[in-house]
6 protein chains.
Amino acid sequence: MSELVLDAPFYLPAGDEVELFRAAYEERIPVLLKGPTGCGKTRFVEYMAWQLAHELVTVSCHDDMTAADLVGRYLLAADGTTWLDGPLTQAVRTGAMCYLDEVVEARKDTTVILHSLTDYRRTLPIERLGVSLTAHRDFLLVVSYNPGYQASAKDLKPSTRQRFMAIEFDYPVAEQEATIIAHEAGVDSATAESLAFLGDRLRNLDEADLIDGPSTRLLIYVGALIRKGVPPQRACDVALVQAISDDAEIQEAVRKVASAVFPR
Amino acid sequence: MSELVLDAPFYLPAGDEVELFRAAYEERIPVLLKGPTGCGKTRFVEYMAWQLAHELVTVSCHDDMTAADLVGRYLLAADGTTWLDGPLTQAVRTGAMCYLDEVVEARKDTTVILHSLTDYRRTLPIERLGVSLTAHRDFLLVVSYNPGYQASAKDLKPSTRQRFMAIEFDYPVAEQEATIIAHEAGVDSATAESLAFLGDRLRNLDEADLIDGPSTRLLIYVGALIRKGVPPQRACDVALVQAISDDAEIQEAVRKVASAVFPR
Amino acid sequence: MSELVLDAPFYLPAGDEVELFRAAYEERIPVLLKGPTGCGKTRFVEYMAWQLAHELVTVSCHDDMTAADLVGRYLLAADGTTWLDGPLTQAVRTGAMCYLDEVVEARKDTTVILHSLTDYRRTLPIERLGVSLTAHRDFLLVVSYNPGYQASAKDLKPSTRQRFMAIEFDYPVAEQEATIIAHEAGVDSATAESLAFLGDRLRNLDEADLIDGPSTRLLIYVGALIRKGVPPQRACDVALVQAISDDAEIQEAVRKVASAVFPR
Amino acid sequence: MSELVLDAPFYLPAGDEVELFRAAYEERIPVLLKGPTGCGKTRFVEYMAWQLAHELVTVSCHDDMTAADLVGRYLLAADGTTWLDGPLTQAVRTGAMCYLDEVVEARKDTTVILHSLTDYRRTLPIERLGVSLTAHRDFLLVVSYNPGYQASAKDLKPSTRQRFMAIEFDYPVAEQEATIIAHEAGVDSATAESLAFLGDRLRNLDEADLIDGPSTRLLIYVGALIRKGVPPQRACDVALVQAISDDAEIQEAVRKVASAVFPR
Amino acid sequence: MSELVLDAPFYLPAGDEVELFRAAYEERIPVLLKGPTGCGKTRFVEYMAWQLAHELVTVSCHDDMTAADLVGRYLLAADGTTWLDGPLTQAVRTGAMCYLDEVVEARKDTTVILHSLTDYRRTLPIERLGVSLTAHRDFLLVVSYNPGYQASAKDLKPSTRQRFMAIEFDYPVAEQEATIIAHEAGVDSATAESLAFLGDRLRNLDEADLIDGPSTRLLIYVGALIRKGVPPQRACDVALVQAISDDAEIQEAVRKVASAVFPR
Amino acid sequence: MSELVLDAPFYLPAGDEVELFRAAYEERIPVLLKGPTGCGKTRFVEYMAWQLAHELVTVSCHDDMTAADLVGRYLLAADGTTWLDGPLTQAVRTGAMCYLDEVVEARKDTTVILHSLTDYRRTLPIERLGVSLTAHRDFLLVVSYNPGYQASAKDLKPSTRQRFMAIEFDYPVAEQEATIIAHEAGVDSATAESLAFLGDRLRNLDEADLIDGPSTRLLIYVGALIRKGVPPQRACDVALVQAISDDAEIQEAVRKVASAVFPR
């Protein structure tokens with residue numbers, strides 16, 4: 001499941017995140033990426049893996065994920081059982097970079113197995129095999145989470161959290177976001193700039209605490225639909241208004257901003 | 001489980017949903033269909049699959065559905081274990097359209113596996129096989145949900161939701177619904193029009209926030225029972241009044257409207 | 001588990017339920033039977049299966065019932081695994097009538113698998129086999145529930161409910177119930193009439209909202225005990241008063257009515 | 001697990017329970033025994049099984065009991081799987097009397113499988129085998145519960161409950177209890193009478209709603225300890241005061257009554 | 001897992017508990033030991049097993065313990081499955097004394113299987129084997145619990161509880177405890193007496209309802225540390241103050257008493 | 001999984017903890033280490049294992065850890081099942097030191113199996129094997145927990161807790177911490193002293209009850225980033241401010257202290 005990112009992912013640095021990540025990488029300091037939905041954390045990790053020419057293993061965490069999903073498990077085979085390394089164990093063995101996306105979503109046993117990997121020991125205990133694996137010298141652990149909508153019950157325990165340095169992410173500034181939208185949606189720069197402006201306006205709406213985003217991805221969808229001939233207001237309707245919320249008032253507020261940017 | 005829809009499903013477009021879907025399909029933008037019970041979302045997907053001559057895989061999601069139900073699992077066989085692709089994996093491999101009906105009903109791990117499929121990566125991680133599958137270029141993901149009766153606890157996370165453009169559905173307008181009822185129930189157009197009028201009246205009842213629908217399907221049932229000789233009021237009683245609610249007051253309100261349309 | 005009902009079950013129609021069911025059967029409209037405890041829903045289904053000379057599969061639903069209990073599962077055998085059809089799959093394959101008693105008791109995944117069976121598709125998805133089964137043309141789905149004591153949390157979702165026409169059941173009228181009691185308990189018609197009168201009185205008690213029933217079955221038990229020589233008041237005590245409730249006040253109210261009917 | 005009770009259990013009838021049970025038995029009416037802790041319900045069933053020379057299968061129900069515990073399950077064997085009948089299935093096949101002690105403690109799926117066994121069908125559906133078993137003509141179902149300490153959440157559903165006639169049990173009257181104590185504990189009749197008098201006093205204590213019992217069994221323990229030379233007050237202390245409650249006030253109340261009966 | 005206690009455990013009787021236990025043993029009356037943390041209940045049972053030269057099986061109960069943990073289970077073997085007796089079944093078969101420590105901690109199904117073992121039947125139903133095992137004539141059941149910190153939700157049901165006589169335990173009196181400490185910690189009698197005095201003072205602290213103990217074991221630890229050269233106040237600090245509580249106020253109260261006994 | 005610590009871990013004693021541990025070790029008194037996140041408890045255990053030249057087995061406990069994870073389990077093999085000792089059983093057999101980190105996180109059944117290991121019996125019951133293992137004479141049990149953020153529901157039961165002597169840990173004093181930071185981060189002593197001073201200030205912040213730490217580890221991360229050329233304020237931002245909290249107010253308070261120590 002580990003992959004070498006061969007083509008440069010399209011990524012525009014927003015600040016010193018590339019330098020910070022590189023320093024952390026060289027010191028093998030575990031990294032926590034914090035930021036809102038769809039602001040580019042996953043793509044940043046792929047970009048850094050490409051820059052550092054380092055194998056990458058990505059795991060999207062979820063409510064029902066257990067330690068076995070990360071570490072590995074026995075499978076029944078014709079001749080008894082066979083052990084199958086999980087994605088984390090693979091990364092630990094081969095020295096890949098392991099990225100656990102939305103790590104707090106996982107069950108508690110998964111965060112605890114990260115402990116000995118993220119202090120001076122750099123070991124991964126595999127209880128089912130009865131061994132403790134010392135991490136390859138190139139192994140680096142990267143995790144992400146979105147502080148915005150995590151229930152407090154789902155926070156990282158301090159004893160886990162204080163094993164990572166944390167880089168904060170936010171949506172790209174308007175100019176940069178326009179470049180991204182033009183590149184990904186294939187629209188002209190005027191449309192891209194309007195969409196980036198629209199994204200910025202929506203993220204600063206009075207109702208902004210009621211919604212999340214919009215992600216850059218949604219703005220790209222709007223652009224792509226416009227390119228396919230969908231009228232701009234209708235494109236905003238399906239890829240922004242309806243995509244962001246089911247609440248009539250919030251939808252009206254979003255629609256109003258969109259109409260101001262793309263008048264009929 | 002994937003099927004090619006050979007006969008044109010009977011579907012009457014209500015607006016630009018066919019064009020929007022076609023644009024999304026060409027851009028491979030994941031689609032979210034929002035709308036009330038029985039308004040035709042499932043049939044619309046079958047219709048589009050037929051129009052685009054595209055294989056379709058449909059999965060009805062539910063509370064106990066896990067990622068394994070979608071992705072696949074190992075089965076014990078005489079010679080160890082055999083892997084069985086789940087419906088989503090089948091669609092990803094073969095480039096079918098995959099329709100997850102009422103996706104928020106499923107457990108959280110199922111929505112998270114959709115993440116890498118619905119961003120620029122278009123990959124499906126299959127942890128049990130230790131591989132990450134790149135989606136066939138024709139693969140398209142379509143999901144649906146009913147914003148009306150979803151508990152907030154069962155909402156899609158923003159990080160999932162902002163990966164889809166959203167097309168809103170509603171019940172057909174009266175004229176169109178009459179055409180559908182006549183076609184499906186085999187009744188004359190006068191009866192069909194009365195039933196469509198009745199449906200419209202019920203959906204705009206003062207008590208409308210207490211009930212859902214009625215779906216076009218129930219109106220078709222009434223029509224079919226009338227055709228079989230059941231008196232119209234009695235047909236309304238069993239296929240509308242009793243079918244919609246157990247609450248005596250709501251039943252009385254529904255019955256009153258039905259009596260006005262089909263006087264004894 | 002499917003059976004052909006060979007002997008006519010003893011059933012006295014209370015209204016047009018036989019005609020309604022027959023019309024639904026001919027149109028293959030799924031049927032929902034609503035009604036209180038022990039009013040004869042199960043026997044009605046057996047009666048209709050006999051009338052229509054149609055195979056019947058009955059499943060009593062419960063809290064822990066899962067989709068696999070209905071659809072089927074793999075069993076370990078000497079040579080790997082064997083698939084065993086569940087009762088619903090059997091009915092779908094062979095075109096039997098499938099009766100799911102107290103369907104809302106089952107877990108949510110069981111109601112969702114009914115969706116594609118109860119709309120124009122008439123298919124049963126069997127995920128474990130990777131197939132979608134088209135129902136035999138004679139297949140009919142019948143479900144029941146008791147609106148009286150269902151917790152709202154256990155209601156059918158509208159998207160499930162609006163796939164059925166609904167026939168309401170109630171206890172038989174006194175005269176009919178006397179006939180049933182005489183037939184089943186083997187008592188003379190005077191005793192049977194007294195018992196039917198007693199049942200009717202109890203169902204209209206001021207405390208009637210506190211109790212359920214009594215079912216016709218309990219009245220038959222009283223009759224049978226009287227026939228065996230148990231004094232009528234004592235028979236009422238064990239088969240009605242004690243059987244209906246543990247609450248001393250309710251017991252007293254029931255006993256008072258029973259004493260009026262069967263004075264010592 | 002079925003047994004034939006060979007030696008007459010020591011049981012003193014308190015009223016017409018023997019005649020009622022015999023009538024129910026002859027009519028195959030399912031029986032529910034209601035009564036407090038340790039008042040002799042289990043022994044009564046053994047006594048009736050002996051009187052009727054009928055095989056008896058007893059199952060103590062509990063929170064974690066599932067339908068499979070009653071009906072049976074597949075076991076892995078060298079050559080695939082073997083089916084093992086559960087105790088209820090054994091009784092249904094062989095026509096034994098099946099006694100489910102404290103039936104409401106079991107999970108809901110266990111009570112639902114009793115439904116078709118307790119109406120005119122007298123069948124046991126065994127889903128895992130895909131068969132529905134018609135009960136042997138001698139099969140009788142007997143269940144018990146203690147209305148005193150059942151949480152309302154654990155009550156029998158009316159649709160289950162109204163399938164049984166109910167015989168109420170209580171502690172034996174003092175004279176009878178003395179006979180039992182003398183017989184079981186091997187003490188002289190004066191001591192036995194004192195203990196029976198003590199039991200009666202305790203069951204009518206002001207604090208009686210705070211405690212349960214004492215059961216006849218505890219009174220027999222006191223008697224046996226006295227016979228072994230333990231001073232009566234000390235015997236009451238360990239086998240009544242401490243055995244009934246941990247609450248200092250209740251203990252004091254019980255001790256006071258005991259001291260009055262057995263002064264130092 | 002059953003063992004014969006070969007060396008006399010060091011136990012000093014506090015009252016008539018040895019005589020009471022012997023009487024219960026001879027009458028095969030099940031015994032419940034009640035008392036606080038670390039007051040010697042477990043050692044008493046070992047002492048009695050040694051005195052009576054009776055095999056002993058000890059099981060520490062816990063939240064996740066099920067009936068199968070006590071009764072036994074099937075294990076997969078090369079040639080199908082093999083049954084492995086649990087510790088209770090072993091004791092029932094061989095006539096050992098079975099001690100279930102902190103029995104209320106176990107799940108409810110474990111207490112229910114004790115029912116038929118603790119009344120006149122003396123049988124253990126083993127559902128998985130389909131048999132009911134009659135207990136060896138020497139079998140005796142002993143259970144313990146600590147009434148002090150049991151949540152009411154975890155109380156024994158009366159129908160379980162009233163099957164045991166109950167012997168109450170408390171910490172040894174100061175003189176006796178000094179003898180125990182001297183024997184176990186290897187300290188001189190002056191130190192042992194000071195420690196016993198300290199224990200007694202702490203158990204009668206105003207804050208005594210906030211803490212449990214200290215157990216005799218902790219006092220022995222303090223003694224052992226003193227013997228190893230740790231200053232008495234420091235030994236009290238680590239083996240009493242810190243061991244009993246994390247609450248600063250309670251720690252201060254404990255430390256004050258300790259300082260009075262062992263002034264710096 | 002047991003290891004012999006070959007290189008002296010870098011550990012600076014803060015008080016008499018080394019002597020206390022050595023005394024406990026010689027007396028085989030089980031040890032509980034109490035202290036905040038990242039204050040060096042784990043490293044202390046490794047240091048003592050090295051000093052005593054004793055094999056060490058470390059287990060990080062978590063919510064989903066069961067007794068089987070510690071004791072062992074059966075694995076399916078080609079020829080039936082094979083038993084695999086868990087880490088605790090390994091330590092008990094071979095006489096290693098077993099360190100259970102954050103023991104209260106584990107499920108209750110894991111703490112109960114420690115009972116017979118931590119009193120005079122020194123035995124480990126292995127129910128699945130049907131044996132009770134006497135601990136090797138060199139076996140020592142060490143556990144840790146953080147009293148700061150344990151929910152009361154997750155406290156150790158007194159009956160478990162009063163089986164350990166408890167050594168309290170805190171963060172190193174500033175001078176010592178500076179030495180550690182200089183050693184681990186490779187920074188000059190001036191920077192190390194500033195960081196130690198900063199750590200001390202943060203732990204005594206008014207908001208200190210809202211945060212945990214910072215751990216020494218985070219201070220080392222800051223040092224390492226500074227060494228790699230990251231400006232000190234920025235290094236504090238990512239490795240302290242963002243790493244400790246998501247709360248804007250707390251972040252501001254932390255940032256203010258950091259700015260005072262490392263002015264721009």
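Because only heavy atoms are used, hydrogens play no part in the values below, and waters and symmetry mates are left out as well, while side chains stay in. Each chain gets a letter, A, B and so on, in the order the sequences are listed, and its residues count up from 1.
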Interface residue of largest heavy-atom contact number with chain A, from [options], under 4.5 Å:
options                                : answer
B:Ile113, B:Thr111, B:Ile167, B:Asp119 : B:Asp119
B:Arg163, B:Glu27, B:Arg161            : B:Arg161
B:Leu32, B:Leu20, B:Thr110             : B:Leu20

Under 4.5 Å from any heavy atom of chain B - which part of [X]:
X        : value
A:Val230 : side chain
A:Ile220 : neither
A:Val59  : side chain

Task: Minimum-distance pair of heavy atoms, taken over all atoms of B:Ile29 and A:Ala224 - done: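 Shortest heavy-atom separation between B:Ile29 and A:Ala224 comes out as CD1-CB, 4.1 Å.
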TODO: For B:Val103 and B:Cys61, work out which heavy atoms get closest and say how close.
DONE: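 Distance-wise, the nearest heavy atoms are CA-SG, 3.8 Å.
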Task: Exceeds 12 heavy-atom contacts within 6.0 angstrom, atom CZ of B:Arg201 - done: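 Open.
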Task: Separation of A:Glu177 CD from A:Leu198 CG (nearest 0.5 Å) - done: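 That separation rounds to 9.5 Å.
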Toward chain A, the part of [X] with a non-hydrogen atom under 4.5 Å:
X        : answer
B:Gln162 : both
B:Asp16  : side chain
B:Glu19  : neither
B:Arg22  : neither

Open item on the list: A cation-pi test, strictly: NZ or CZ of B:Arg28 under 6.0 Å from the centre of the six-membered ring of B:Phe139 and no more than 45 degrees from its axis. Yes or no?
Closed with: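 So B:Arg28 doesn't make the cation-pi contact.
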Task: Lys NZ or Arg CZ of A:Arg43 over B:Tyr120 ring: under 6.0 Å, within 45° - done: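 Ring-cation test returns yes.
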Open item on the list: Ring centroids only, cut at 6.0 angstrom: are B:Phe21 and B:Phe44 within range, meaning strictly under it?
Closed with: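 Distance test on ring centres: under 6.0 Å, yes.
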Task: Test: A:Arg203 and A:Asp170 ion pair at under 4.0 Å - done: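 No, this pair does not count.
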Open item on the list: I need the residue from A:Ala185, A:Ser215, A:Pro36 with the largest number of non-hydrogen atom pairs under 4.5 Å to chain B.
Closed with: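 Answer, by heavy-atom pair count under 4.5 Å with chain B: A:Ser215.
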Open item on the list: I'd like to know which of A:Glu46, A:Arg227, A:Arg217 tops the heavy-atom pair count under 4.5 Å against chain B.
Closed with: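 The residue among A:Glu46, A:Arg227, A:Arg217 with the greatest pair count is A:Arg217.
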